[in-house]
Number of protein chains: 2
Amino acid sequence: MVQLDHKQLWETVADRLRDEILDGHLPAGARLVEADLASRFGVSRGPIRDALADLSRSGLVVDLPRRGTSVASLREQDLAEVYEVRRALEEGAVRMAIARGTAEDFAEMDRLLAATENAYHAGSLPVAWEADMAFHRVYCRMAGNGRLLELVDRLASQTLLLMRTALAEHASLAWTPPVEVPRRIADAIRARDGEGAVRAVANHYQYTEDRLAGRAKTD
Amino acid sequence: MVQLDHKQLWETVADRLRDEILDGHLPAGARLVEADLASRFGVSRGPIRDALADLSRSGLVVDLPRRGTSVASLREQDLAEVYEVRRALEEGAVRMAIARGTAEDFAEMDRLLAATENAYHAGSLPVAWEADMAFHRVYCRMAGNGRLLELVDRLASQTLLLMRTALAEHASLAWTPPVEVPRRIADAIRARDGEGAVRAVANHYQYTEDRLAGRAKTD
DNA sequence: ACATGTGCGATTGTCAACAGTTAGCATTCG
DNA sequence: CGAATGCTAACTGTTGACAATCGCACATGT
């Protein structure tokens, strides 16, 4: 049986809004008025509400009762929170993933590592970040835990938004970790080295933290 | 400023439904028909939809498109998933918590450990489980990461539901870990021993896993 | 000048009704 | 007798309208 994935109206709306938020078309803090969106997309407010509820779940918008919803403007504090949770989840993920990786998974990781570096050197940071997110996603998928994967996805969205909005203020965010850092994760998983993989993930986040802390000092 | 929490209609509905699900009044698999609930609570379908969406987020109900929502009937697989994610999050949480624990936090942990054991010996398992969840929640709150705490809360709901429904089938689930196991977590946090706390959490979940695996074999 | 009260516009919360889809059952045809 | 087809009732997805609430600006009084 072919699973044709018919999207509900609110899913289509949510996808569209998510894109507009992540590509910066809807800047942080922008108000999302249900009636406006309804007329813009030619639907009623019901699906709009559902879509906004989903984006709120993902942390891309904030929803103040009786006062409407607006695009989340995430701060330093949020960045730290997201990274802490992602680190915890990914450390768990690699431990589970080591038993289940297939050759295709490893090939995809290699491909994404290369894509990240290429995009970085080509100067296309958003593309590099997305490839990096996809890289992390691969081994989280390998963990074979649907709940974990969904959480990672939602946090990845928030991370992308954070990077985008933060980059607008701090040019020093225009970087990705040197490819060796994430590669160590891939290598450890490939070698079925659980503790090594956990260390590699910790190292990756430590590196990122240090780099961000450095920014805080030098800016 | 005092945060008085005025509840939206859907929140009230969600709380009520959550209770009814967790105390077994609404058994696993029970269909939740929007119109029925609307007339039962004397509201329209709108707030009911919002409430169901929230419960779906928490994993307490499943939502099949165009076919309505019903109380989640979680399986062995789900139990494993939830525990894996909880373990990952809590290992991260204790690492963050060691720096931030206050005397009140430690007192509350002690109190909850005692409450768990008392309720267990008094034969009131649901109470014991809830106290245990609250215990875990304390050090997750100490981590000072709102996102992490919210995830832990949602997973705790699922765990309670799992325990309840599983208990109905397997009497051998009628237990809690010996109080020493969670106490080691509290002790390590109190001693500001980060790696020890991580080990204690891992140990706790390992113990639970073994016990559950034992059930699978002996039942 | 400052605090307090009041009216207005904007926006969400809630409701009731319509339309499309689904599962189950009866019916028909081979 | 079995499989495919066509109905039917139940339910969700969606809509448009109404009511309640909030923020803001202006007026009023001290």
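Quick note on labels: first sequence line is chain A, next is B, and so on, each numbered from 1.
- A search for salt bridge (Lys or Arg N to Asp or Glu O under 4.0 Å) contacts involving Asp19(A) returns nothing, not counting sequence neighbours.
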What does the list of N/O pairs under 3.5 Å between the protein and nucleotides 6-8 of chain C look like, with a distance for each?
none

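- Listed by first then second residue, pairs satisfying ring-ring contact (aromatic ring centres under 6.0 Å, His included) with a partner in residues 67-100 of chain A read Tyr83(A)-Tyr205(A), not counting sequence neighbours.
- Under the rule for a side chain to side chain donor-acceptor pair (under 3.5 Å), Glu117(B) has no partner lying at least two apart in sequence or in another chain.
- If you check residues 39-62 of chain B against DNA chain D, the residues with a heavy atom closer than 4.0 Å are Arg45(B), Arg49(B), listed by number.
- By the side chain to side chain donor-acceptor pair (under 3.5 Å) test, Glu91(B) is found to be paired with Arg95(A), Arg87(B), residues two or more places apart in sequence or in another chain being considered.
- Under the rule for a side chain to side chain donor-acceptor pair (under 3.5 Å), Ser70(A) has no partner lying at least two apart in sequence or in another chain.
- The ring-ring contact (aromatic ring centres under 6.0 Å, His included) pairs that include a residue from residues 7-26 of chain B number zero, where partners must be two or more places apart or lie in different chains.
- Rounded to a whole Å, the CD atom of Glu34(B) is 14 Å from the C1' atom of dA16(C).
- Where DNA chain D meets chain B (any atom under 4.0 Å from a heavy atom), the bounding nucleotides read 5' to 3' are dC11(D) to dT14(D).
- In this structure, Leu32(A) reaches the sugar-phosphate backbone alone: every heavy-atom distance under 4.0 Å involves primed, P, OP1 or OP2 atoms, never a base.
- For the pair Leu37(B) CG and dT14(C) P, the computed distance is 16 Å after rounding to whole Å.
- Taken to the nearest 0.5 Å, the CG atom of Leu161(A) stands 11.0 Å off from the CG atom of Asp23(A).
- Legend: residues meeting side chain to side chain donor-acceptor pair (under 3.5 Å) with Arg16(A), ordered by chain and number and at least two apart, are Glu20(A).
- Every salt bridge (Lys or Arg N to Asp or Glu O under 4.0 Å) that Arg141(A) has, sequence neighbours left out, goes to Asp105(A), Glu108(A).
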Distance-only donor-acceptor pairs under 3.5 Å for side chains of residues 50-59 of chain B, two or more places apart:
unit_1: Ser58(B); atom_1: OG; unit_2: Asp54(B); atom_2: O; d: 3.4
unit_1: Ser58(B); atom_1: OG; unit_2: Arg154(B); atom_2: NH1; d: 2.6

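- For Gly146(B) against Glu81(A), the heavy-atom pair with the smallest separation is N-OE2, 3.0 Å.
- The residue Arg66(A) sits close to a base: some heavy atom pair falls under 4.0 Å.
- One interatomic measurement links the two molecules: CG of Asp36(A) to P of dT11(C), which rounds to 6 Å at whole-angstrom precision.
- For the pair Arg67(A) CZ and dT12(C) P, the interatomic distance rounds to 12 Å; values are reported in whole Å.
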